[in-house]
Amino acid sequence: MKPSTRRLRRLMRVDGEDASDDEHNRRVAVEHSQDANVDASHDDKEADGDEEDVKRQREQNRRNKKVVRIVAPMVRYSKLPFRLLCRENGCDVAFTPMIIAESFNRSQMARDSEFSTTQPLARADDADDTAATTIRKPRLDSPLVVQFATNSPVEFGSAARKVVGYAEAVDLNCGCPQRWTVKRGIGASMVNKPELIKQMVWEARKQTGPHDMAVSVKIRLHKKDAASYESSHKHARHTIDVVQQAERAGASWVSVHGRNVHERRTPVHYDMIKLIKDAATVPIVANGDVFDMDEFDHVADITGVDGIMCARGILANPAMFNGSKRTPPAVIARYLELAMLYGGQFPIHHHHLMYMMYPQLGRVDRRRFSTLRSMAGVIDFLQQTIFDPFVNQSVNQSIDQSIN
């Protein structure tokens with residue numbers, strides 16, 4: 001295994017040797033249990049041999065390679081309560097929402113509004129001390145990657161320095177396709193400037209070097225590679241150039257969304273991601289249209305990537321990484337508990353819950369839910385439509401504890 005790949009997996013804490021003994025033993029026990037379950041299922045359903053063999057092999061491949069399960073940066077949505085919920089349901093690493101570096105650097109109000117986590121790795125005033133890299137207390141919100149958007153090396157480096165002690169990595173957003181980001185010269189427009197990306201990664205590493213903070217880059221496919229999509233001689237050389245420039249500057253890994261800036265609902269070009277993976281020397285994370293673990297396994301099989309990042313799929317089902325096909329009521333109840341414990345804006349919580357419950361609600365209930373304006377109203381609605389008595393009791397206890 002390449003040193004850079006080991007670093008990614010060590011950062012994400014998916015290698016047994018980097019976890020605590022108890023956690024490692026738990027994972028081993030779970031894997032042995034899964035092996036036994038798979039074997040028993042195979043014996044009981046020999047008539048479905050081919051299909052079962054494929055599923056079994058994919059599960060074995062997933063365990064052997066330990067493809068990292070990542071919650072993507074999502075504007076407004078990948079905030080602390082949701083990240084913690086995903087971590088409790090099989091997520092290995094989570095990103096913050098995209099943060100504009102200039103605002104973050106200049107405004108305490110912006111920092112308080114845009115970034116929150118559980119207790120820091122070290123005291124904030126230790127940021128200039130190498131002791132800041134030492135984890136003094138276990139953190140629930142870890143490993144954490146803070147994503148910044150900017151086109152200034154100085155701004156990116158300064159923002160990265162400010163989160164030393166609060167996160168394990170920073171990420172440069174070179175993938176956001178929204179018009180305002182492209183017009184401003186940030187986000188997906190950065191893919192056209194590989195030399196600038198190189199400078200920005202280098203600056204962030206220089207500013208955080210003593211603390212060994214990882215620096216990554218999230219990109220989209222370069223639009224000039226689009227001409228090769230339908231060709232018998234496919235290539236991704238322009239995107240590969242971006243990845244290689246980031247590598248030269250010391251990027252720890254690169255995440256690739258398999259569409260270019262002009263594509264929205266176009267099928268993801270996983271074949272292009274495979275070309276990039278084959279050419280890269282750093283770990284590659286795939287992103288785009290993964291909505292359940294069957295698709296997760298399929299993408300891992302055909303691309304060979306080191307990690308897979310999910311956005312819309314995990315937004316609709318935070319328990320996806322645990323194999324659930326839709327969000328269980330207990331997970332919805334847990335989100336309510338975390339939302340009340342850690343706070344946040346009601347519209348964000350409301351939208352999260354709508355995403356989670358959408359497949360489970362009829363048209364009338366969806367319309368009714370959309371009119372709610374308070375957490376109390378949300379809880380009353382859920383008790384009438386989603387929760388069973390056991391979950392109701394759990395939610396009521398959580399409410400009482402939050403109030404008291």
Side-chain angles (χ1 to χ4, degrees), residues 71-91 94-99 109-110 112-118 140-141 176 178 180 264-265 290-292 310-322 324-404:
V71 172
M74 292 174 279
V75 176
R76 294 185 300 276
Y77 294 122
S78 48
K79 289 182 178 285
L80 179 59
F82 186 71
R83 295 198 302 267
L84 294 178
L85 182 71
C86 294
R87 293 184 191 282
E88 294 177 2
N89 287 277
C91 159
F95 278 59
T96 67
M98 178 184 75
I99 301 172
M109 183 179 296
D112 292 340
S113 172
E114 297 297 327
F115 177 68
S116 62
T117 185
T118 51
L140 298 176
D141 190 26
C176 180
Q178 296 183 40
W180 70 270
R264 292 294 189 272
R265 302 302 179 191
V290 174
F291 295 97
D292 57 42
C310 301
R312 287 181 295 153
I314 208 76
L315 196 60
N317 179 13
M320 185 188 86
F321 288 145
N322 274 345
S324 297
K325 293 296 185 181
R326 65 179 187 176
T327 310
V331 173
I332 297 173
R334 179 58 175 158
Y335 180 76
L336 283 174
E337 183 179 3
L338 292 168
M340 290 184 289
L341 180 62
Y342 291 100
Q345 298 176 354
F346 172 75
I348 292 176
H349 298 319
H350 189 246
H351 291 165
H352 268 303
L353 291 165
M354 177 56 89
Y355 278 117
M356 294 180 207
M357 298 187 302
Y358 191 87
Q360 306 175 49
L361 298 179
R363 186 173 181 180
V364 173
D365 283 335
R366 290 173 190 162
R367 187 176 302 164
R368 179 181 158 210
F369 185 80
S370 68
T371 66
L372 301 177
R373 295 293 179 266
S374 70
M375 290 298 282
V378 165
I379 292 169
D380 286 342
F381 174 89
L382 294 177
Q383 289 176 334
Q384 297 169 24
T385 57
I386 298 292
F387 295 156
D388 59 32
F390 174 78
V391 177
N392 282 344
Q393 182 181 5
S394 175
V395 172
N396 288 331
Q397 290 174 349
S398 298
I399 294 171
D400 291 340
Q401 291 173 0
S402 299
I403 294 175
N404 296 330

Checklist entry - Taking it one step at a time, do M357 and L382 satisfy side chain to side chain contact (heavy atoms under 4.5 Å, CB included)? => result CA-CA 10 Å; M357 298 187 302; L382 294 177; 2.9 Å; yes
Checklist entry - Where do T118 and Y342 come nearest, in terms of heavy atoms and distance? => result CG2-OH, 4.0 Å
Checklist entry - Nearest 0.5 Å, what's the SG-CE distance between C310 and M74? => result 9.5 Å
Next on the checklist: Give me the atom names and distance for the closest heavy-atom approach of M375 to A339.
Outcome noted: CE-CB, 4.2 Å
Next on the checklist: Closer than 3.5 angstrom, by distance alone: can the side chain of N317 be matched with the main-chain N or O of D292 as a donor-acceptor pair?
Outcome noted: no
Checklist entry - What's the spacing between H351 NE2 and Q345 CD if we round to 0.5 Å? => result 10.5 Å
Next on the checklist: Below 30° counts as parallel, above 60° as perpendicular, anything between as tilted: where do the rings of F369 and H350 land?
Outcome noted: parallel
Checklist entry - Looking only at heavy atoms, which two atoms of L372 and F346 are closest? And how far apart? => result O-CE2, 3.6 Å
Next on the checklist: Has Q360 got a side-chain atom pairing as donor or acceptor with T327's backbone, closer than 3.5 angstrom?
Outcome noted: yes
May I have the list of side-chain donor-acceptor pairs in residues 80-91 shorter than 3.5 Å, sequence neighbours left out?
{"residue": "R83", "atom": "NE", "partner": "D141", "partner atom": "OD1", "Å": "3.2"}
{"residue": "R83", "atom": "NE", "partner": "D141", "partner atom": "OD2", "Å": "3.3"}
{"residue": "R83", "atom": "NH1", "partner": "S78", "partner atom": "O", "Å": "2.9"}
{"residue": "R83", "atom": "NH2", "partner": "S116", "partner atom": "O", "Å": "2.7"}
{"residue": "R83", "atom": "NH2", "partner": "D141", "partner atom": "OD2", "Å": "2.7"}
{"residue": "R87", "atom": "NE", "partner": "D141", "partner atom": "OD1", "Å": "3.0"}
{"residue": "R87", "atom": "NH1", "partner": "S142", "partner atom": "O", "Å": "3.1"}
{"residue": "R87", "atom": "NH1", "partner": "P143", "partner atom": "O", "Å": "3.0"}
{"residue": "R87", "atom": "NH2", "partner": "D141", "partner atom": "OD1", "Å": "2.9"}
{"residue": "R87", "atom": "NH2", "partner": "P143", "partner atom": "O", "Å": "2.9"}
{"residue": "E88", "atom": "OE1", "partner": "R334", "partner atom": "NE", "Å": "2.9"}
{"residue": "E88", "atom": "OE2", "partner": "R334", "partner atom": "NE", "Å": "3.1"}
{"residue": "E88", "atom": "OE2", "partner": "R334", "partner atom": "NH2", "Å": "2.6"}
{"residue": "N89", "atom": "OD1", "partner": "N322", "partner atom": "ND2", "Å": "3.4"}
{"residue": "N89", "atom": "ND2", "partner": "L85", "partner atom": "O", "Å": "2.8"}

Checklist entry - Any cation-pi pair here, R312 with F291, using under 6.0 Å and within 45°? => result no
Next on the checklist: Please check: side-chain N/O of T385 versus main-chain N/O of F381, any donor-acceptor pairing under 3.5 Å?
Outcome noted: yes
Checklist entry - Rounded to the nearest 0.5 Å, what separation is found between the CE atom of M356 and the CZ atom of R326? => result 14.5 Å
Checklist entry - Atom CZ in F321, atom CD1 in I314: separation rounded to 0.5 Å? => result 4.0 Å
Item to check | Reported NE2-to-CG distance for the pair H352 and L336, which is rounded to 0.5 angstrom | outcome: 12.0 Å
Checklist entry - Tell me, do I386 and L361 make a side-chain contact under 4.5 Å, heavy atoms counted? => result yes
Next on the checklist: Taking atom OH as the centre, does Y355 end up with more than 12 heavy-atom neighbours from other residues, nucleotides or ligands that are less than 6.0 angstrom away?
Outcome noted: no
Checklist entry - Any side-chain heavy-atom pair from P97 and E114 closer than 4.5 angstrom? => result no
Next on the checklist: Would you say that Q178 contacts V75 through its side chain, given a criterion of any heavy-atom pair below 4.5 Å between the two side chains?
Outcome noted: yes
Item to check | Enclosure of R367 CZ (heavy-atom neighbours >12, cutoff 6.0 Å) | outcome: no
